[in-house]
Amino acid sequence: MNPRRATTILAGLGLTSTLVLGACSGGGSDADDGGGRAATAGDPSDYHEDYEVAPREDSGAAPQAVPAPGGAGGRGTDDGPYEPAPDELNEFREAGTNGFVWAGEDPLSTFGLDVDTGSFGVARTLMGDGYPVPPEAVRPEEWINAVPYGDAPPTDADLGLVSETGPSPTMDGAQVVRVGVAAREVDPAERPRVNVTLVVDRSGSMDGRDRLGLVQSSLAVLAEELEDDDTVSVVSFQEEAESILEPTPVRDQDAILDAIEELRPGGGTNLEAGLRLGYEQAREAFDEDAVNVVVICSDGVANIGATGPGSITERIAEEGADGIHLVTVGFGMGSYNDHLMEQVADLGDGFYSYVDTFEEAEQLFGTDLTTTLVPVAAEARAQVAFDPEVVESYRLIGYENRDIADEDFEDLSVDAGELGSGHRATALYEVTLADGVEPGASIGRATVLWRSVGSGEPQEAAVELLAADPGSEGDDGAPSDAWQLSTAVADLAQVVKGAEPFAERAVTLDDLQERVDPLLARDVPGAAELAEMVELARSVD
């Protein structure tokens, strides 16, 4: 890929810094708004003539409805703030909140593993723009999985497990069990060839530097990170779907960059047509010895053709089962369909992320996608069996829409999750124990089952769950940084969501800040990102 030309594309979008390839984070612009979010720079009319930059909330003004982009397909006017119609509002769907379960009545908890992080990014964007987060937009497991915990990948298996238990920071007498799952890492030099089909929403709702403009810069980063013999194809959609680029080797730099530069917004959003054509091109380039993936970049606002997730589920599920995986990446806010983006990713055996800054684009498209595209564990699911002799009750934090019937745990034909190279997933349980349980006593067992992508055979791993010492906090037996960080992230998600049974505990943002400060002082990876989220939550509280 031609770095000079890729940088030119980014500069035209107001992203004026040089690409830092392979880095975990980058400088998307020369300015920063002080909260770790890239500030806008340059003249957006250099790329989209009619795009109107909405003012940031740091001017001190009260949050208002954000004017929609003007121009083709836009809805903005000169008469004041845009007031969205009911069908143009952000769409979130409540997944529910798990309550406590009596272990004597049901000692098994079973769910599909999930590495989605979209809910975390959506919440960061809403709060960064001065808006409270709707409770239904919060899926705690996606917040938990958005932060790194340093669990070491296995070297002798597809998946490895760790567990740790500590005293609950928010519920007297309870304990919190963390179960961490880490996928093995595939050496980049040994990864198979990749066929990527990019399905890009260029409807009117995508007009803007934080939408189609950011998509274009993201794709330039991705193309730069792929290998010469990988292939890229590009499909765009508005009222109809259109092939912009047939499957093309990455070594053909100019053709790929030309396709990226051709994208212009305008018209409706026929998401179904885009996906169907995208899968057709992916099938054309399909190679059973390669990794085959469709990446859809959209705000999910489907308004032409069959628009509900049920209308495209059969094709998505079939292609996922036949080796073409789907990754959904959300952009933009104001008329965003979080529910659709999350559901289609789950159906396509992929994952869902949300990008709101160039730094996030560099992380996802420059690092995460290129390292996690290689699947290692299919239909991955977890089952935790608590010992009812010592555990009175338990509650799984999040994963409400990933539930699997206990009796289906060993049935690998039942859809679950997929983990790629280097993926991590964490599950947290609150537990109450019977009187007299000694620290270090076994309280249950966590088992993960999956089909190995390498061998095609079922595999499993298990780890014992042990009771914590209630008096260990503050001494050498204190929970690890990973446990403290994960429980703080989970509690922040639950505070923002405000749902029972957590709401009655009256946990405050000040309480959470006190837990984050020591992690910041120790420079724990992920602590700074969590601290930023606490401050954002405080700003809209």
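Hydrogens, waters and symmetry mates play no part in the numbers below; they use all other heavy atoms, side chains included.
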Distance, nearest 0.5 Å, that separates CD1 of Ile296 from CG of Leu271: 4.5 Å
Electrostatic pair Arg211:Asp201 at N-O distance under 4.0 angstrom: no
Thr328 side chain vs Met341 backbone, donor-acceptor pair below 3.5 Å: yes
Flag side-chain contact, heavy atom, 4.5 Å: Leu428 against Thr426: yes
Between Asn145 and Thr117, a side-chain donor and acceptor under 3.5 Å: no
Value rounded to 0.5 Å, distance of CG in Leu509 from CE in Met533: 11.0 Å
Check: Arg515 and Thr170 side chains under 4.5 Å, non-hydrogen atoms: yes
Ring geometry between Phe111 and Tyr429 (parallel below 30°, tilted from 30 to 60°, perpendicular above 60°): tilted
Electrostatic pair Glu529-Arg124, nearest N-O below 4.0 angstrom: yes
Glu319-Asn292 side chain donor-acceptor pair, cut-off 3.5 Å: no
Closest approach of Ala531 to Val516 (non-hydrogen atoms, all atoms of both residues): CB-CG1, 3.8 Å
Heavy-atom neighbours of Glu318 CD exceed 12 at 6.0 Å: yes
Min side-chain heavy-atom separation Leu275-Leu326 under 4.5 Å: yes
Close side-chain approach of Thr197 and Val295, heavy atoms under 4.5 Å: no
Any donor-acceptor N or O pair under 3.5 Å, side chains Ser413, Asp411: yes
Evaluation steps, side chain to side chain contact (heavy atoms under 4.5 Å, CB included), between Ile443 and Asp387: CA-CA 5 Å; Ile443 61 174; Asp387 183 350; 5.7 Å; no
Modelled atom types, side-chain donor and acceptor of Glu142 and Ser119, under 3.5 Å: no
Sub-6.0 Å ring centroid separation between His325 and Phe351: no
Least distance between heavy atoms, Cys297 atom then Phe331 atom: CB-CE1, 3.7 Å
Distance-only donor-acceptor check, side chains Ser480 and Glu164, under 3.5 Å: yes
Pair Thr432-Ser393, side-chain donor/acceptor within less than 3.5 Å: yes
Interatomic spacing from CG in Asp368 to CD in Glu225 - rounded to 0.5 Å: 11.0 Å
Under 3.5 Å donor-acceptor, Ser168 side chain and Val176 backbone: no
N/O donor-acceptor pair under 3.5 Å between Arg381 side chain and Phe409 backbone: yes
Val463 side chain reached by Arg445 side chain, heavy atoms, under 4.5 Å: no
Pair Asp338, Tyr354: side-chain N/O donor-acceptor within cut-off below 3.5 Å: no
Test: Glu141 and Lys497 ion pair at under 4.0 Å: no
Donor-acceptor pair, side chain of Arg191 and main chain of Ala189, under 3.5 angstrom: no
Spacing of CZ belonging to Phe358 relative to CD belonging to Glu360, to within rounding of 0.5 Å: 11.5 Å
More than 12 heavy atoms of other groups within 6.0 Å of Glu288 CD: no
No-hydrogen, no-angle side-chain donor-acceptor test under 3.5 Å, Glu460 and Thr447: no
Non-hydrogen atoms of Ala182 and Pro154 that approach each other most closely: O-CD, 3.3 Å
Gap between atom OG1 of Thr487 and atom CD of Gln484 - 0.5 Å precision: 7.0 Å
Salt bridge present between Glu91 and Arg93 (N-O < 4.0 angstrom): yes
Atom pair CG/CZ of Leu222 and Phe365 - distance to nearest 0.5 Å: 6.5 Å
Considering all heavy atoms, the nearest Leu419-Ala380 contact: CD1-CB, 4.0 Å
Ionic contact status for Arg505 with Glu430, cut-off 4.0 Å: yes
Modelled atom types, side-chain donor and acceptor of Asp158 and Gln459, under 3.5 Å: no
Check: Leu449 and Gln383 side chains under 4.5 Å, non-hydrogen atoms: no
Over 12 foreign heavy atoms within 6.0 Å of CG, Asp172: no
Where Arg178 and Asp151 come nearest, the two heavy atoms and their spacing: NH2-OD1, 2.7 Å
